[in-house]
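All residue numbers refer to positions in the sequence shown, counting from 1. Just so you know, ligand 1 is whichever comes first in the structure, and atom 1 is the first atom listed for that ligand.
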Amino acid sequence: MTELDAYSDFIRDRVRKDLEEGTYSGRVQTRFPPEPNGYLHIGHAKAITVDFGTAEQFGGICNLRLDDTNPDTEETEYFTSILADIEWLGFHPAAVLHASDYFGQLYEWAVHLISQGLAYVDDSDTETISTQRGGFGKPGIDSPFRSRPIEENLDLFARMRAGEFPDGAKVLRAKIDMNHENMALRDPVMYRIRHSHHFRTGDQWCIYPTYDWAHGQSDAIEKVTHSICTLEFDTHRPLYDWYLSKLPLPAEKPQQIEFARLELTHTVTSKRRLATLVAEGTVDGWDDPRMPTLGGLRRRGYPAKALRDFCIEIGTTRTNSRQNIEALESYVRRELNANAPRRMAVLRPLCLVIDGWPTDADGSPVVEYFEVANSPDNPESGTRQVAFTGELFIEAEDFAEVPPPKFFRLSIGREVRLRGAYLVTATSLETDAAGNVTVVHASYDPESRGGDAPDGRKVKSTMHWVSAPHAIDITVALYDRLFTTPVPGEATGEPLDDLNRNSRELLAGSKAESALAGTAPGEVVQFERLGYFAADGETPALFHRTVGLRDEWAAIQRRLG
Ligand code: ATP
Ligand code: MG
């Protein structure tokens, strides 16, 4: 029984029906087909959970197929990251395949179509082809090359392959119907001449298949049963079926099924736009923690399980919509709340000196150790010893020289609880020449060890703290939305117009309890009262804020009623 067993949607219903009717002899095989021209993003996580999840649920297999038909934009670096990201998400391709491995078979099938009178070599340039294609309600015009004899087409196509013509001089087109109401069927291009080096096939080919010509045929070669893709391909489905219907296939025809893309508020998921952010230095790279790439989200501290659960639970439909990023964050928070150890860190430190703190016989201040649970809800996670002395750091915003109304944290004369340690009362302060508070002096109640007074008197606020002599220095990165508007580009049509230029705040002087020195790269901890923070894998002592503690999604849902 897997987490997916109980799950149902229109795609799974289709698969179930095919199984019941014995189509594909009980086999279920899907594929995830990224183009290796960028890093995977949250939208791909959705596609991955659909492709792998559907196969898994029905005891089938899912392959990773790199759709590497465009030599100009593809690189090995992307391929490596794609595989690593899929594995990180928790899915394992039954095989790793490449569309470029089928270039030979695709060529033979193209020759087959030509010899059936179903494809022709066209010498027109791109612009002419596009003009002659017509438009909605506007019939297409036959190319003068459409009636080329089969023998001539065979000869020209062989010479295209042999490299006799320069880029753009000719294309191979399917001969379907220049007046079809579906534009995709108005003699689509199957091959272009491109004298480019391909990262896998090298200089073996100078003609490259288009997406439409390569995709369904690759599915057929691999014996895919259900070829799941996003909604923008639904008008291509008749073409997908047309090609397959004209070829001597090795197995039953695969079927294409489309679902709506995942889009998130305050986010873009177009590889091209994400590439622009990287190229222009708006972010530090593809795995910048603000990026919606899987690399970025992982570095930010998003657990793979939270992404999987989110992708599964939002469901799969044929209606385009945009999910609230707060909803995704609430899955992240739920997962981290269950698993992330608690620690104390002070983002913007202010010195708190406890006057009258006892000293040892040798005159040095006494160090006390408090045993603190690593995760209060999860006793198995154990406890740790946290050092406490008379010299501490507290959060600057937890102290107010002139407390505003309803401010119950520290101010002169007010008693607060230092979490798990003592009750302290602020007594006086020191300021610098500019009048900024530099040190707060306090008294403490020795009877309140552990954080409660024996007389049971109430204190309103509990604050986190770090012992100054034991503190380690850390840098903390706080993040805001990468795009200021929920639907980037809604007003102007260009999402990058809504870029938030202040999406990161780096705090270099933060202080943390010494236990944080041992945080493994990528580990996420909860800084008490401040949120969840992921230890950076590359820069030691850098912590990225994953999410805050407050569940904004719950508030949004309440508002929406
Ligand atoms: P982009 O437009 O950003 O370049 P793409 O769709 O071209 O993305 P591919 O590498 O071709 O990216 O995508 C691989 C698979 O992932 C395809 O099946 C595609 O439909 C799916 N996919 C891409 N983006 C999303 C998304 N936002 N939501 C769901 N599935 C997606
Ligand atoms: Mg694509």
Side-chain angles (χ1 to χ4, degrees), residues 9-11 29-55 62-70 72-75 77-83 85-86 89 91 93 96-100 209-212 214-216 218-219 222 224 226-237 240 254-279 286 291-297 307-308 310-312 314-323 325 328 487-489 495-496:
D9 55 44
F10 75 99
I11 297 176
Q29 183 174 329
T30 61
R31 84 288 167 267
F32 172 62
E35 190 182 344
N37 63 349
Y39 289 78
L40 298 184
H41 52 61
I42 178 77
H44 292 117
K46 173 73 199 178
I48 292 168
T49 57
V50 172
D51 294 334
F52 284 87
T54 304
C62 179
N63 295 321
L64 168 61
R65 177 168 80 236
L66 281 305
D67 207 348
D68 56 348
T69 54
N70 183 353
D72 295 330
T73 53
E74 294 159 2
E75 289 175 30
E77 173 198 348
Y78 296 131
F79 162 63
T80 314
S81 82
I82 285 170
L83 189 55
D85 283 347
I86 295 171
L89 255 192
F91 295 101
V96 179
L97 308 168
H98 293 83
S100 56
T210 54
Y211 171 88
D212 284 318
H215 204 88
S218 301
D219 287 341
E222 293 169 3
V224 166
H226 300 84
S227 178
I228 307 166
C229 64
T230 37
L231 217 46
E232 68 270 22
F233 293 106
D234 84 333
T235 54
H236 296 234
R237 187 174 357 116
Y240 181 99
Q255 57 179 308
Q256 175 181 305
I257 309 173
E258 312 86 20
F259 69 95
R261 291 174 78 90
L262 165 61
E263 302 288 351
L264 279 180
T265 56
H266 299 282
T267 310
V268 303
T269 54
S270 137
K271 271 189 255 175
R272 187 168 60 81
R273 294 223 164 69
L274 295 177
T276 307
L277 296 178
V278 175
W286 285 98
M291 291 283 271
T293 52
L294 297 186
L297 297 172
L307 293 179
R308 280 200 314 271
F310 172 74
C311 288
I312 292 169
I314 56 173
T316 305
T317 68
R318 284 181 58 87
T319 313
N320 282 315
S321 67
R322 204 173 268 267
Q323 303 290 327
I325 194 160
L328 171 59
V487 184
L496 299 181

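Atom numbering of ligand 1 starts at 1 in the shown order; those under 4.0 Å from a heavy atom of Thr269 are 3 (O), 27 (N). For ligand 1 and Ala47, the ligand atoms under 4.0 Å from any heavy atom of the residue are 16 (O), 21 (C), 30 (N). Close approach of ligand 1 to His41 is summarised as follows: ligand atoms under 4.0 Å from at least one heavy atom of the residue are 3 (O), 24 (N). The atoms of ligand 1 that sit less than 4.0 Å from any heavy atom of Pro34 are 10 (O), 14 (C). Every atom of ligand 1 with a heavy atom of Thr230 under 4.0 Å away is listed here by number and element: 19 (C), 20 (O), 29 (C), 30 (N), 31 (C). Counting the atoms of ligand 1 from 1 in the order shown, those under 4.0 Å from a heavy atom of Pro33 are 14 (C), 18 (O).
Looking at Glu222 and Arg31, no side-chain N of the basic residue comes within less than 4.0 Å of a carboxylate O on the acidic one, giving no salt bridge.
Counting only distance, with no hydrogens or angles, the side chain of Thr267 and the backbone of Glu263 share no donor-acceptor pair below 3.5 Å. With hydrogens and angles disregarded, a donor-acceptor distance shorter than 3.5 Å links the side chain of Arg322 to the backbone of Leu264. Thr293 contributes a side-chain N or O that, together with a main-chain N or O of Trp286, makes up a donor-acceptor pair within less than 3.5 Å. Within the 3.5 Å criterion, the main-chain N or O of His98 finds no donor-acceptor partner in the side chain of Asp68.
At a heavy-atom cutoff of 4.0 Å, ligand 1 is contacted by no atom of Arg272, backbone or side chain.
The only member of Asp9, Thr319, Ile228 that meets side chain to side chain contact (heavy atoms under 4.5 Å, CB included) when paired with Phe259 is Ile228.
At least one N or O atom of Lys271, backbone or side chain, sits closer than 3.5 Å to an N or O atom of ligand 1. At under 3.5 Å, not a single nitrogen or oxygen of Glu263, backbone or side chain, sits near a nitrogen or oxygen of ligand 1. Considering backbone and side-chain atoms together, Arg261 places an N or O closer than 3.5 Å to an N or O of ligand 1. For a threshold of 3.5 Å applied to N or O pairs, the pair formed by Asn37 and ligand 1 contains no separation below that value.
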Begin with the C-alpha distance, continue with both residues' side-chain angles, and end with the deciding distance and a verdict on ring-ring contact (aromatic ring centres under 6.0 Å, His included) for Phe233 and Tyr211.
-> CA-CA 11 Å; Phe233 293 106; Tyr211 171 88; 4.8 Å; yes
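Closest heavy-atom approach to atom 26 (C) of ligand 1 among the candidates Cys229, Gly43, Ser227, Ser270: Gly43.
Side-chain contact of Thr30 with Asp51: a donor-acceptor pair under 3.5 Å is absent, judged by distance alone.
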